[in-house]
Amino acid sequence: MKSFLFGAFLLPALASAAVDSSLSFFITGRSMGTGGNLGGLAGADAHCQLLADSVGAGSRVWRAYLSTQNPVVNARDRIGNGPWFNANKVMIAANLTALHDTTNLASINATNGLTHRGATVASGKHDMMTGSRASGLAPLAGADSTCANWTSATTGGTIVGHHNRSGVAGNMCQNCWNQAHMTSGCTQANVQAGGGNGFFYCFAADNPATPVIPNGLARRVGASASAPYVLGSGARVSEIVYRFELAHASRVEVTVHDLKGARRAVLARGPFEAGQQAVRWDGRDGKGVALPAGVYLVARRTIAPE
């Protein structure tokens with residue numbers, strides 16, 4: 001198996017076509033509590049997916065608005081092309097250009113920047129981790145501005161933006177939702193110190209005309225696929241279901257791995273019929289011991305077609 005690392009009005013361009021105004025943008029609202037260590041981009045995406053699932057929006061492909069430096073990944077390249085709507089069906093931006101227009105104060109702000117449940121975010125928690133420049137591009141080479149690509153609470157710092165568009169003249173970008181200043185470090189205390197709580201932005205990156213099934217349906221049909229899951233403390237069996245679809249009857253192996261790639265459990269190994277399948281995981285390893293809370297990858301490998 002290969003590596004697991006895996007508006008108030010419609011703009012003219014949109015008026016001629018039906019636009020899905022269902023939830024496609026939110027602020028996490030619930031912190032992972034681990035500072036800048038989000039389990040990498042996969043872990044942050046999984047957190048977005050988990051929160052979206054909780055409000056019935058898990059049939060979309062959700063991505064965290066985060067950049068990395070090594071390798072360079074631009075946040076703006078991860079989130080699709082828009083348009084995006086908040087929980088109140090208000091368009092925050094029609095496309096990437098409008099989203100990253102620093103003069104467009106009507107996009108993400110204190111009123112429109114809502115959580116997945118449609119709640120406003122307290123002004124005292126306005127710092128949103130992005131690791132990005134105002135353009136949506138990754139930081140230029142230099143100091144670590146993405147907490148070691150979102151894998152460390154002890155290394156570097158992170159660029160944060162202000163969801164309420166507040167700022168001072170000394171900020172990197174005075175009124176930018178995605179670039180305001182650096183944090184003093186990557187611990188949870190560090191990201192809280194400037195007026196944050198470890199929150200970040202989530203965007204639906206897919207085309208709503210071709211939705212996916214919630215709770216981990218492999219994003220493609222093929223020999224190998226995986227999906228990230230956030231395992232919380234005291235997770236119940238019913239909370240974690242890996243769903244996949246087979247074009248043909250096949251012998252399949254479904255396994256659980258940590259973010260370092262180590263296999264922690266085998267959930268299934270044997271014949272499956274063609275069609276949609278579901279495998280449940282109770283959060284335990286191969287010896288029946290409950291794994292610690294964190295981000296894990298549930299992977300599927302087709303051993304051989306029947």
Side-chain angles (χ1 to χ4, degrees), residues 6-7 11 14 19-32 38-68 73-102 104 106-109 111-119 121 127-138 146 150 158-165 176-179 198-212 214 219 227-228 230:
F6 311 60
L11 298 180
L14 296 170
V19 176
D20 184 342
S21 61
S22 58
L23 179 67
S24 48
F25 159 82
F26 61 83
I27 291 171
T28 50
R30 185 194 306 171
S31 175
M32 294 177 71
L38 305 177
L41 291 177
D45 290 348
H47 191 55
C48 290
Q49 194 75 45
L50 181 74
L51 297 180
D53 283 347
S54 72
V55 293
S59 62
R60 307 293 297 270
V61 176
W62 290 90
R63 301 262 172 77
Y65 186 92
L66 298 170
S67 295
T68 63
V73 175
N74 301 316
R76 66 179 293 145
D77 296 336
R78 311 191 70 243
I79 62 170
N81 297 309
W84 299 280
F85 295 82
N86 67 16
N88 285 346
K89 298 184 180 297
V90 174
M91 184 193 295
I92 64 157
N95 50 48
L96 286 167
T97 299
L99 182 65
H100 293 94
D101 179 356
T102 57
N104 179 17
S107 58
I108 299 175
N109 55 38
T111 300
N112 294 337
L114 305 178
T115 71
H116 57 301
R117 297 192 181 279
V121 178
D127 282 358
M128 301 291 149
M129 299 188 296
T130 69
S132 305
R133 290 180 279 163
S135 60
L137 300 178
T146 63
W150 312 108
T158 175
I159 295 173
V160 295
H162 288 172
H163 88 287
N164 58 4
R165 311 301 281 262
C176 286
W177 60 270
N178 57 351
Q179 183 191 29
F199 296 159
F200 48 91
Y201 302 108
C202 298
F203 289 80
D206 63 310
N207 181 344
T210 55
V212 295
R219 304 313 188 207
V230 175

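The model shown is predicted, which means the values in this text are computed figures rather than measured ones.
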### 4.5 Å side-chain heavy-atom contact, L114 and N86
yes
## Note on the structure
Residues N109 and T111: closest non-hydrogen pair is OD1-N, 2.9 Å
#### Entry: From D101 atom CG to S135 atom OG, the distance as rounded to the nearest 0.5 Å
12.5 Å
### Task
May I ask you to test the T130-V160 pair for a side-chain heavy-atom distance under 4.5 Å?
no
### Message
Minimum heavy-atom separation for R60 and L23, please, with both atom names.
### Response
NH1-O, 3.7 Å
### Message
Just so I know, are the side chains of H163 and W177 near enough to count as touching, which here means a heavy-atom distance under 4.5 Å?
### Response
no
## Note on the structure
Smallest heavy-atom separation, F199 atom then S31 atom, equals CE2-N, 3.6 Å
### Query
In terms of the angle between their ring planes, are Y65 and Y201 parallel, tilted or perpendicular, with boundaries placed at 30° and 60°?
perpendicular
### Message
Is any side-chain heavy atom of S54 closer than 4.5 Å to one of H116?
### Response
yes
### Task
Can you establish whether the number of heavy atoms outside N81 located under 6.0 Å from its atom CG is more than 12?
no
### Task
Check each of W62, F25, F26 against F203 using the ring-ring contact (aromatic ring centres under 6.0 Å, His included) test, and report the only one that passes.
F25
### Message
A side-chain contact here means heavy atoms from C-beta on lying under 4.5 Å apart; do V73 and S67 qualify?
### Response
no
### Query
Are any non-hydrogen side-chain atoms of I92 and F85 less than 4.5 angstrom apart?
no
### Query
Do P83 and M91 come within less than 4.5 Å of each other through their side chains, counting heavy atoms only?
yes
### Query
Do T28 and H47 have side-chain heavy atoms sitting under 4.5 Å apart?
yes
### Query
At what distance, to the nearest 0.5 angstrom, does CD1 of I159 lie from CG of N178?
9.0 Å
### Query
Hey, are D127 and H162 close enough side-chain-wise for a donor-acceptor pair under 3.5 Å?
yes
### Query
Going by atom types alone, do D77 and N74 pair a side-chain donor with an acceptor below 3.5 Å?
yes
### Task
Can you see which heavy atom on D45 is nearest to which on R78, and at what distance?
OD2-NH2, 2.6 Å
### Query
How close do M129 and F200 get, heavy atom to heavy atom, and via which atoms?
O-CB, 3.4 Å
### Message
Assess the residue pair S107 and R165 against the criterion (side-chain hydrogen bond (donor to acceptor under 3.5 Å, both in side chains)); give the C-alpha distance rounded to whole Å, side-chain angles, the decisive distance to 0.1 Å, and a yes or no.
### Response
CA-CA 10 Å; S107 58; R165 311 301 281 262; 3.3 Å; yes
#### Entry: For the student: nearest non-hydrogen atoms of S132 and Q179, plus distance
O-CB, 3.5 Å
